[in-house]
Amino acid sequence: MPHELSKAYDPSAIETRWAEYWVKEKLFKVETPAKDAPPKTVFTMLLPPPNVTGRLHMGHMLNQTEMDIITRWHRMRGFLALWLPGTDHAGIATQMMVERQLASEGKNRRDMGREAFIERVWEWKRHYGGAILDQMKRLGASVDWDREYFTMDEHLSVAVREAFVRLYEQGLIYRGRYIVNWCPRCVTAISDLEVVHDDTQGKLYELRYPIVGGDEFIVVATTRPETMLGDTAVAVNPEDRRYRRFHGRKVMLPLMNREIPIILDELANPEFGTGAVKVTPAHDPNDFAAGLRHDLPQITVMDEFGKMNQDAGHYAGLDRFEAREQVLADLQEQGFLVGTKDHTLAIGKCDRCKTIVEPRASTQWFVKIQPLADKAIAAVEKGDIKFIPENYAKTYFEWMRNIHDWCISRQLWWGHRIPAWHCADCKQINVARETPEKCSQCGGTHLEQDVDVLDTWFSSGLLPFTTLGWPQKTRDLEVFYPTSLLLTGFDILFFWVARMIMLGYHFMEDEDALDSVPFRQVYIHSLVRDADRQKMSKTKGNVLDPIEVIEKYGTDATRFTLAAMAAPGTDIAFSESRTESYRSFANKIWNAARFIFMNVDKAEQDKVWSLEEFRNRKLYTQTEGLPGFIAHLLEDRWILSRFNSVSQQMHEALAAYRFHEAAHLVYHFFWGEFCDWYIELIKPRLMPITDTERSDARIAFDNLVSVFEGALRLLSPFMPFITEEIWHALYDGTPPLKSIALAQYPQANPSQISAGAETEMSILQDLIVSVRNIRAELKVETRAKLPIEIFCPADVQDLVERNRGALERLANVESITFVADSLAKMTNLRTTTRFEVRLVYEQKIDVAAESERFKKELEKYEKELSNAERQLGNEQFLAKAPANVVEGIRRREGELKILIAKTKDGLEQLGK
RNA sequence: AGGCGCGUAGCUCAGUUGGUUAGAGCGCUACCUUGACACGGUAGAGGUCAGGAGUUCGAGUCUCCUCGUGCCUACCA
């Protein structure tokens, strides 16, 4: 038996099967086109590489669903669509993960040594690193798995070294001692972006420092009293008169009994606190800068673990927070603590482990960012890169224009090791692509590679071109760069997007690429929140696991939910009730298929219709409309018109990344038009008896299957699984292509759009709904067929005559009588501007309810009429509004007058 | 401190350049197991678009203010 579809739609029974099939058959593999190959329009997109330690969350799923819809759409439109997947080695995150694992075995990395540890991480990666990509396969992501990359792959590592060396040679990478954000738990420097700020209730302590050679004091304020151990000055503002007498004096630093100068510096803001500020150059960025201006010594009082060191006097060995308490106690005891105030401050914490970050002077590698930023700003200003929604460009500019140099060295083991070798003999730094044999300056051979690794984002910032083979001049780079689109969340706008723009622009300009931007468009999607609009977070415990949702409702329904809720620029409050309803939608599609297949099978048996002939028409290769569609009857002309209108609108929606609009369009078309009306209208034609009927049935089947097949293609990027399953079944398991994903996406054929058919259909629908409506109102028994009377103009009468059967069947009508006079004074009536229809039914009606309804209607009409009249009476309006708007209102005014008169008649009649 | 966003039906959300009667899903009410589907069908109720002022012939849509709410950025001790 052909067309086998199980009775109930069960996503779990089909989805894993197709997911595996797509991967196994390498359906989305993209061969590099040969030089002399006929040119094809190319669509390239990079998957934002998830952390290799990652597990799929709703944000990923939204991101990937949107990317997949866009990629599948382009592929079906005939583009050479390359979607490149991969994972990120995620320095800190991965190292932490493995360290935790080691800890549970009672080991730690320092005991193991660097090499053994790294080997252990690789081992971990081999075992667990593919998890998130396996989850992706389950989503149906149509990536080219043969091109999967890992940011620590050999060829990507070569590219990273190349990029580093070039930037160094260009003077855009330097090494120096500066204040950086230091995480004492991760024991590494982190960039500004990796610090998250939390408003915290803290204290502001006021300390008094005695002036040397007198009995006066100067009072300074601090939130981190333990750093006073490293103070090397006190600053006052040169303009601040209060402290004029202290200019040139020194203070005795309490506890440490060290004389330190009073300096004059803008650092001190006379408006804040006492106007005097302690200066700790080794532990505060502002103080650090002031220290350089005044040539102050830097005294580091903490070690890399956040413990006080030997320069912290007898506090050495204490943890920084213990030291704080101890210092305060001692200051208090010795009378130097003069005040404690509540103070809220945005305290910086490590993005990874939430440990309070310690600003710390240390030697690090930096990228001199301004020259790169300038070009990257220009690229967006010029429109070479477009942000969608546009307002993200603002955020981008805001950040780029206030950018600081980028600290790219990390004191980790897992990552790309910095390609710099220190000469033990002459201290020369040798930056090189390959491990150097001897020092370039002194020729010595005692070279040690720098121990630091690069910030993870340094390598991911290069991906748009390194994944295509850079630094070699590959054919891939020629064909696929620049990528077409970057689709990602705003949370990595600065981390990743901005850096890709800076680095892509920089390096690909070097390559003299025709277009050096890494991507032409950036679509920023919104955050997926929970049903209560709360941000999903592990600590809140409100994280929805996409895999669980998929298991409950199916991947298609979950994908569709995300697409349907993904209006650009607004967050998504994910609600399972929506997913439930889209599972119903999938079920509807399933059952429509079953209905069609059931009839098709019978028609084939009866030799009424032939799948083979249908197959030969090759609809799936057609780009425009539904070729071969024969439309004499209204429902056929109408559904063809609707199909093309919807195709057109979907194209516009997808081109603008308006996923929710596209989803709603296809949903409404399939359910509200194709199923609710078209299938219902066509049903009688599917069971022919006479020869005439048989020949019409052939047309009916052709049309039914054509529209259905077209609708599957429209739906396919959104719901790839169910459409694949049904499409294969439609062709008896031997489809003309390996996948619906390789078929053509329907595009509108304007000549198949018929305003006339759509208008006529809407009148017929109104008529049917009106009769049903009267029946419901009168509580007519469901099965009872009743006569109706219609008063209407000749064209509507003609329309009804042509579709008499449909009206009778769908509205449960026994007979139709056209009357010559208005029915306005009759009961059981519905009135529109095109017709009056009355149900012939002798039964007491609920006069009160009926007149209530009339009154309500009347009120509505009158309000609208007064609005219309007001506008039409306004000369300004007539003069300035466009003609079609005026004309529309004028026409509506006429209609309203008629409706009001008729409704009044009806009311009067009820009164009798 | 700056910047961005949100407030539309009971709930969750749409509503692109201002233009005729503001939509969807869920929920709710009534009826219906009709040969694809109760994950269904038919009909229905439900909104002074947070509040105020302004621009305009015309504002859910543009401007300003107020209230409520969320987020991002920032080196104020």
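All values derive from a computational prediction rather than experimental measurement. The sequence lines fix the lettering, A, B, ..., with proteins before strands; numbering per chain opens at 1. Values below: every heavy atom of this structure, side chains too, minus hydrogens, waters and symmetry copies.
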Just to be sure I understand the rule, does A/Val769 reach a base, reach only the sugar-phosphate, or reach nothing, if contact means heavy atoms closer than 4.0 Å? sugar-phosphate
Looking at B/G15, I'd like to know if its phosphate oxygens (OP1 or OP2) sit under 4.0 Å from a side-chain N or O belonging to A/His660. yes
The answer to which of A/Asn391 and A/Val195 contacts RNA chain B further toward the 5' end, by nearest nucleotide, is A/Asn391
CZ of A/Arg594 versus P of B/G35: gap in Å, rounded? 13 Å
Taking donor-acceptor contacts at under 3.5 Å, does the side chain of A/Arg892 reach the base of B/U21? yes
Does A/Thr395 reach a base, just sugar-phosphate, or nothing at all? Heavy atoms under 4.0 Å. nothing
Counting the atoms with a prime plus P, OP1 and OP2 as sugar-phosphate, which does A/Lys394 contact under 4.0 Å by heavy atoms, base, sugar-phosphate, or nothing? sugar-phosphate
Which whole-number value in Å describes the distance from A/Leu839 CG to B/A43 P? 15 Å
side-chain hydrogen bond (donor to acceptor under 3.5 Å, both in side chains) partners of A/Gln871, counting only residues at least two apart: none
Within this structure, what is the CE-to-P distance between A/Met598 and B/C37, rounded to whole angstrom? 8 Å
I want to verify a distance call: between B/G44, B/C39, B/A77, whose nearest atom is closest to the A/Arg583 side chain? B/C39
Please give, in whole Å, the distance from B/U56 P to A/Gln871 CD? 17 Å
Distance in angstrom units between A/Asn591 CG and B/G41 P, rounded: 10 Å
Assign each of A/Ala776 and A/Lys880 to its nearest nucleotide of RNA chain B by heavy atoms, then name whichever residue's nucleotide is nearer the 5' end. A/Ala776
Determine the contact category for A/Pro359: base if any of its heavy atoms lies under 4.0 Å from a base atom, sugar-phosphate if only primed atoms, P, OP1 or OP2 are that close, otherwise nothing. nothing
Answer with base, sugar-phosphate or nothing: what part of the nucleic acid does A/Arg772 contact at a heavy-atom distance below 4.0 Å? sugar-phosphate
Under the rule for ring pair (Phe, Tyr, Trp, His ring centres under 6.0 Å), what residues qualify as partners of A/Phe495, not counting sequence neighbours? A/Trp457
Given B/A36, B/G15, B/C37, identify the nucleotide with an atom nearest to the side chain of A/Ile679. B/A36
Heavy atoms under 4.0 Å, any strand shown: does A/Leu267 hit a base, just sugar-phosphate, or nothing? base
At 4.0 Å (heavy atoms only), tell me whether A/Gly672 reaches a base, stays on the sugar-phosphate, or touches nothing. nothing
Hey, does the side chain of A/Asn884 come within less than 4.0 Å of B/G19's phosphate (OP1/OP2), counting only N and O? no
What's the closest nucleotide to the side chain of A/Asn874 if the choices are B/U73, B/A77, B/C57? B/C57
Rounded to the Å, how far apart are A/Glu680 CD and B/U34 C1'? 9 Å
Distance under 6.0 Å and angle within 45° of the ring axis: does A/Arg401 meet both against A/Phe397? yes
With A/Arg208, the side chain to side chain contact (heavy atoms under 4.5 Å, CB included) member among A/Val220, A/Leu337, A/Ile218, A/Val219: A/Val219
Across all chains, not counting sequence neighbours, the side-chain hydrogen bond (donor to acceptor under 3.5 Å, both in side chains) partners of A/Glu814 are none
Check every strand shown and say whether A/Phe494 touches a base, only sugar-phosphate, or nothing at a heavy-atom separation below 4.0 Å. sugar-phosphate
Just checking A/Asp284: base, sugar-phosphate only, or nothing, at a heavy-atom cut-off of under 4.0 Å? nothing
May I ask you to say what A/Ala564 touches in the nucleic acid, namely base, sugar-phosphate or nothing, with a heavy-atom cut-off under 4.0 Å? nothing
Base, sugar-phosphate, or nothing: which does A/Glu893 touch, judged by heavy atoms less than 4.0 Å apart? nothing
Assess whether atom CD of A/Glu680 is packed by more than 12 heavy atoms of other residues, nucleotides or ligands within 6.0 Å. yes
Within the sub-3.5 Å range, which N or O atoms of nucleotides 22-33 of chain B have a protein N or O partner, and how far apart are they?
residue, atom, partner, partner atom, Å
B/G25, O2', A/Ser581, OG, 3.0

Where is the tightest heavy-atom contact between A/Thr227 and A/His283, given as atom of each residue plus distance? CG2-CB, 4.2 Å
Reckon A/Lys341 touches a base, only the sugar-phosphate, or nothing at all at heavy-atom distances under 4.0 Å? nothing
Any donor-acceptor pair under 3.5 Å joining the side chain of A/Lys588 to the base of B/C39? no
Read 5' to 3' with Watson-Crick or G-U pairs under 3.5 Å, [ ] for crossing pairs and | for partners on another strand, RNA chain B gives (((((((..((((.....[...)))).(((((.......))))).....(((((..]....))))))))))))....
A/Tyr582: what forms a ring pair (Phe, Tyr, Trp, His ring centres under 6.0 Å) with it, not counting sequence neighbours? A/Phe560, A/Tyr667
Donor + acceptor pair across side chains of A/Asp231, A/Tyr209 (<3.5 Å): yes
Quick check on the 6.0 Å ring-centre criterion: do A/Tyr523 and A/Phe659 meet it? yes
More than 12 non-hydrogen atoms from neighbouring residues, nucleotides or ligands closer than 6.0 Å to NZ on A/Lys785, yes or no? yes
